[in-house]
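Labels below follow one simple rule: chain letters A, B, ... track the order of the sequence lines, proteins then strands, and each chain is numbered from 1. All of these numbers come straight from a predicted model, not from anything done at the bench.
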2 protein chains.
Amino acid sequence: MYTIKEVADKMDISEHTLRFWAKSGFFPFVKRNENNIRIFSENDLEWVKIVKCLRAVGTENKAIKRYIDLCILGDSTIKERYGIIQNTKKKALEQMEELKQQLALLDYKENFYQNLIKNNLKDTWNPMNNIREEAAV
Amino acid sequence: MYTIKEVADKMDISEHTLRFWAKSGFFPFVKRNENNIRIFSENDLEWVKIVKCLRAVGTENKAIKRYIDLCILGDSTIKERYGIIQNTKKKALEQMEELKQQLALLDYKENFYQNLIKNNLKDTWNPMNNIREEAAV
DNA sequence: TTACATCTTTAGAGCAACTCTCAAATTTTA
DNA sequence: TAAAATTTGAGAGTTGCTCTAAAGATGTAA
């Protein structure tokens, strides 16, 4: 059993964000103690994990709420939930590709600056000149 | 030479976002024609590309502005720019790792639902029961 | 060459998702 | 027992778009 701070530390999510998510209806299953304090069970952590996952892939909060609601509705919603997971996975793979592209550009830039520094060269590509003697990939 | 709409199409960024970025000072080098309309050169597109890259990796707009300003300041800022690129790359690699983790969870979930559907099983893990007979990874 | 659609501009409103501050009520620790 | 830390909800503030509006420019077609 965990307080919100413990969850925050364990899951690397700020307390503020956890409370915001709670207010957004992402954790309808989390119980409170007699003083109204949220107590997360081990099982609840798994739900925090899936919410974090959906957010990390850019799922809108409205859609996350929908997924939670479907879970609560029970077995009749399994196919819709499956579809959501499939779409989310597809989006994650696309983001992976995008990130790879950007990493390639960053690699190029890193090399470019490394070369300038090592050989004590001037940056021949000042944007204000609109002269391009050296281009980014 | 491209109008803002052409850049938007070519780079897959909305016109709104490009104008917002322009207002944020990300494109001080983009020229206007006699009717005040922005005309992006081929070279300018490379700058849009690097801005898009920095954004994609979650760089704050203030930090992007800083990078642009350093470029304009010239050769004395090459080392600082190199540092920025290195940090950005590091962040990108971390995000890559994070995405991989989330993909593993999504894979697990996909399998879980696939199994439920194929074998016509019930979802034994309803959060409202706080019973965990089947857990996410 | 007039009419209409499309595109451009800026200013500013609206929005999503936090992020932070506050004050009051517990807990925990020293 | 007192000080420090943590919890709560309400609500203000921030970031980075996203959209709307109004006015002007441009392109196409009859």
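- When the C1' atom of dT27(C) is taken as reference, atom CD of Glu6(A) falls 12 Å away, rounded to whole Å.
- Seen from the ring of Tyr82(B), Lys79(B) does not count as a face-on cation partner, given the 6.0 Å and 45° thresholds.
- Looking at the side chain of Glu60(A), the nearest of the listed nucleotides dT7(D), dA17(C), dG16(D) is dA17(C).
- Side chain to side chain, Glu80(A) and Tyr67(A) fail the donor-acceptor criterion of an N or O pair below 3.5 Å.
- Residue Asn61(A) has a polar side-chain atom (N or O) positioned under 4.0 Å from OP1 or OP2 of dC18(C).
- Under 4.0 angstrom from either OP1 or OP2 of dT9(C) there lies at least one side-chain N or O belonging to Arg38(B).
- Remark: Lys23(A) fails to qualify as a cation-pi partner of Phe20(A) under the 6.0 Å distance and 45° angle criteria applied to the six-membered ring.
- Atom CZ of Phe26(B) and atom P of dT15(D) are 12 Å apart (whole Å).
- Going from atom CG of Asp9(A) over to atom C1' of dT6(D) covers 12 Å, rounded to whole Å.
- With the nearest nucleotide of DNA chain D identified for both Glu34(B) and Thr59(B), Thr59(B) has the one nearer the 5' end.
- Per the geometry, CG belonging to Asn33(B) stands 7 Å off P belonging to dT26(D), to the nearest Å.
- Of the side-chain N and O atoms in Arg19(B), one or more sit less than 4.0 angstrom from OP1 or OP2 of dT9(C).
- Not counting sequence neighbours, the partners of Phe40(A) by the ring pair (Phe, Tyr, Trp, His ring centres under 6.0 Å) test are Phe27(A).
- Residue Arg55(B) has no polar side-chain atom (N or O) positioned under 4.0 Å from OP1 or OP2 of dT15(D).
- Distances shown here put every side-chain N or O of Trp21(A) at or beyond 4.0 Å from the OP1 or OP2 atom of dA17(C).
- Ile39(B) has its CD1 atom 12 Å from the C1' atom of dC7(C), to the nearest Å.
- Distance check: Ser24(B) OG to Lys62(B) NZ gives 12.5 Å after rounding to the nearest 0.5 Å.
- In this model, the phosphate group of dT7(D) is approached by a side-chain N or O of Thr3(A) to a distance below 4.0 Å at OP1 or OP2.
- One can place NZ of Lys5(B) at 17 Å from P of dA5(C), the figure rounded to the nearest angstrom.
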Nucleotide N/O of nucleotides 21-25 of chain D paired with protein N/O under 3.5 Å:
from: dA25(D); atom 1: O3'; to: Asn35(B); atom 2: ND2; distance (Å): 3.4

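- Between Glu94(B) and Lys91(B), no side-chain nitrogen of the basic residue sits less than 4.0 Å from a carboxylate oxygen of the acidic one, so the salt-bridge criterion is not met.
- Straight-line distance from the NZ atom of Lys23(B) to the P atom of dT9(C): 13 Å, rounded to whole Å.
- In the model, Gln102(B) has a side-chain atom that pairs as donor or acceptor with a side-chain atom of Glu98(B) under 3.5 Å.
- Rounding to whole angstrom units, CG of residue Leu18(B) and C1' of dT18(D) are separated by 13 Å.
- Residue Asn36(A) places none of its side-chain N or O atoms closer than 4.0 Å to OP1 or OP2 of dT8(D).
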